[in-house]
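A quick note: this is a predicted structure, and the numbers were derived from the prediction, not measured. Labels below follow one simple rule: chain letters A, B, ... track the order of the sequence lines, proteins then strands, and each chain is numbered from 1.
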Protein chains: 2
Amino acid sequence: MNLSPINERFVLHFGEMGSRWGVNRTVGQMYALLFLSPKALNSDEIAEQLGFSRSNVSMGMKELLSWKLCKLVHKPGDRRDYFETPKDVWEIFRSLVEEKRKREIEPTLTLLRDALMDEATSDEDKHAQERMREMHELIELATGWFDEVQHLSPETLENLMRLGSKVQKVLSFAGHLRPGNRS
Amino acid sequence: MNLSPINERFVLHFGEMGSRWGVNRTVGQMYALLFLSPKALNSDEIAEQLGFSRSNVSMGMKELLSWKLCKLVHKPGDRRDYFETPKDVWEIFRSLVEEKRKREIEPTLTLLRDALMDEATSDEDKHAQERMREMHELIELATGWFDEVQHLSPETLENLMRLGSKVQKVLSFAGHLRPGNRS
DNA sequence: CTATAATTTCAGTAATTACTGAAAATTGGA
DNA sequence: TCCAATTTTCAGTAATTACTGAAATTATAG
């Protein structure tokens, strides 16, 4: 790995973190390398910089593409595939949440809905359904909320976040003026 | 596994999901079993219901306790440890985010801060630092926001979420009345 | 203190996941 | 079309992670 110390530390760290986020070490490293890189890199460059096999890069990049964490670009007169990460960190964050939802949240919601449709006879099943109902409600609320706010512009979102819990005060103030809007 | 079909499906599903959230299959199953259970269970009951070894349960429960996803309770006149999950799903969600932050976000922030302190000489390093600065800013903003809103009561939080993106309209309305509060 | 019930540790092994290199497939130009 | 550059697949193997059972430890009641 012939990276500068700053870059190398970052790449290694993301390798470790990758495993906590459901991708393996090498995929995490590939992502980090591309995130820092000022230009798109091709598979050979990635393989060489990180010191693993060409085929591993191929599989890893396929996974990063599927997570929409990287995109494929081409250079004129060059047949090779080049990879880069989206520039905007908000966009990255949004795709990540979006994909996590598709892969983890939606299947869970489906399971919960199915289970809630079943006829519960025993007390055990009735209690289980009640717990599932609570979980289902929370997930629906949280994902529904995310759906809505993710369409706000990055600036609006940023402003909202900077408001933090003060949002509550502003809202209750607005609520006093126009009861229909009370939070 | 002598669970009712409804419970069994849920338990198996959480086993699979566990691996995507950084815990292994058996730990995910233990959590799911306890989440659904109407009463606290001891290690032998867990081992028997799920069909794995007593020692595995011991290790798994240690992990769930460390994530604050389960708590230890005792029954009068019974020396054994019993386990249960917190009742309130909001509380569960909050501990999960809190622990994720401690283990994954904080170390990353530390790394980023350190890297940003370093003197960047090459263009490559300068660009890398700029990227890290963007990432650092996003993480600070998002975690700072979470810090604030997690202290709101579950009801307020729920109301805020139900507002969704409409929050923007209410805020800009309030802003017109009192420019100092403009979002 | 001793006996026993309960829990934890840990070395060994099983199971899973990650990685490689060689071969196959695909792509684009001549 | 054929050829060469590039990417993908996949079987085999390496590395890692998960799980067990036996032994050690801890805790409690008598």
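B/Arg131 contributes a side-chain N or O that, together with a main-chain N or O of A/Lys87, makes up a donor-acceptor pair within less than 3.5 Å.
Among D/dT7, D/dT8, C/dT20, the nucleotide with an atom closest to any side-chain atom of A/Ser58 is D/dT8. For A/Lys62, the side-chain atoms get nearest to D/dT9 when compared with the rest of C/dC19, D/dT9, D/dT7. Closest contact between the side chain of A/Met59 and the listed nucleotides D/dC19, D/dC10, D/dT7 involves D/dC10.
Nucleic acid contact for A/Asp44: none, since no nucleic acid atom lies under 4.0 Å from a heavy atom of the residue. Across all strands shown, B/Arg79 has heavy atoms under 4.0 Å from base atoms, whether or not it also approaches the sugar-phosphate. Using a 4.0 Å heavy-atom distance criterion, B/Arg25 is classed as a sugar-phosphate-only contact.
For the pair A/Glu130 and A/Lys126, the salt-bridge criterion is not met [side-chain N within less than 4.0 Å of a carboxylate O].
Regarding contacts with the backbone of C/dC19, a side-chain N or O of A/Thr26 is found under 4.0 angstrom from either OP1 or OP2. An OP1 or OP2 oxygen of C/dT7 is reached within less than 4.0 angstrom by a side-chain nitrogen or oxygen of B/Arg54. An OP1 or OP2 oxygen of C/dC19 is reached within less than 4.0 angstrom by a side-chain nitrogen or oxygen of A/Asn24. Listed pair B/Ser55 / C/dT8 fails the phosphate criterion, with no side-chain N or O lying under 4.0 Å from OP1 or OP2.
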For residues 112-125 of chain A, please give each side-chain donor-acceptor pair under 3.5 Å, one per line with the distance, not counting sequence neighbours.
from     : atom 1 : to       : atom 2 : distance (Å)
A/Ser122 : OG     : A/Asp125 : N      : 3.0
A/Glu124 : OE2    : B/Asn7   : ND2    : 3.3
A/Asp125 : OD1    : B/Ser4   : OG     : 2.6

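Relative to the six-membered ring of B/Phe83, B/Lys71 misses at least one condition, a distance below 6.0 Å or an angle of at most 45° to the axis.
Atom NE2 in B/His74 sits roughly 11 Å away from atom P in D/dA27 (whole-Å rounding). Rounded to whole Å, atom P of C/dT7 lies 10 Å from atom CD1 of B/Ile46. Straight-line distance from the CG atom of A/Asp78 to the P atom of C/dT27: 17 Å, rounded to whole Å. Look at CD on B/Gln29: it is 13 Å from C1' on D/dA18, rounded to the nearest Å. The CD atom of B/Glu63 sits 16 Å away from the C1' atom of C/dT9 (whole-angstrom rounding). Between the CG atom of A/Asn56 and the C1' atom of D/dT13 there is a distance of 14 Å, given to the nearest Å. Going from atom CZ of A/Arg20 over to atom P of D/dT17 covers 11 Å, rounded to whole Å. C/dT7 atom P lies 13 Å from atom CG of B/Leu41, rounded to whole Å.
Ring pair A/Tyr31/A/Phe14 is tilted by interplanar angle, where 30° to 60° counts as tilted.
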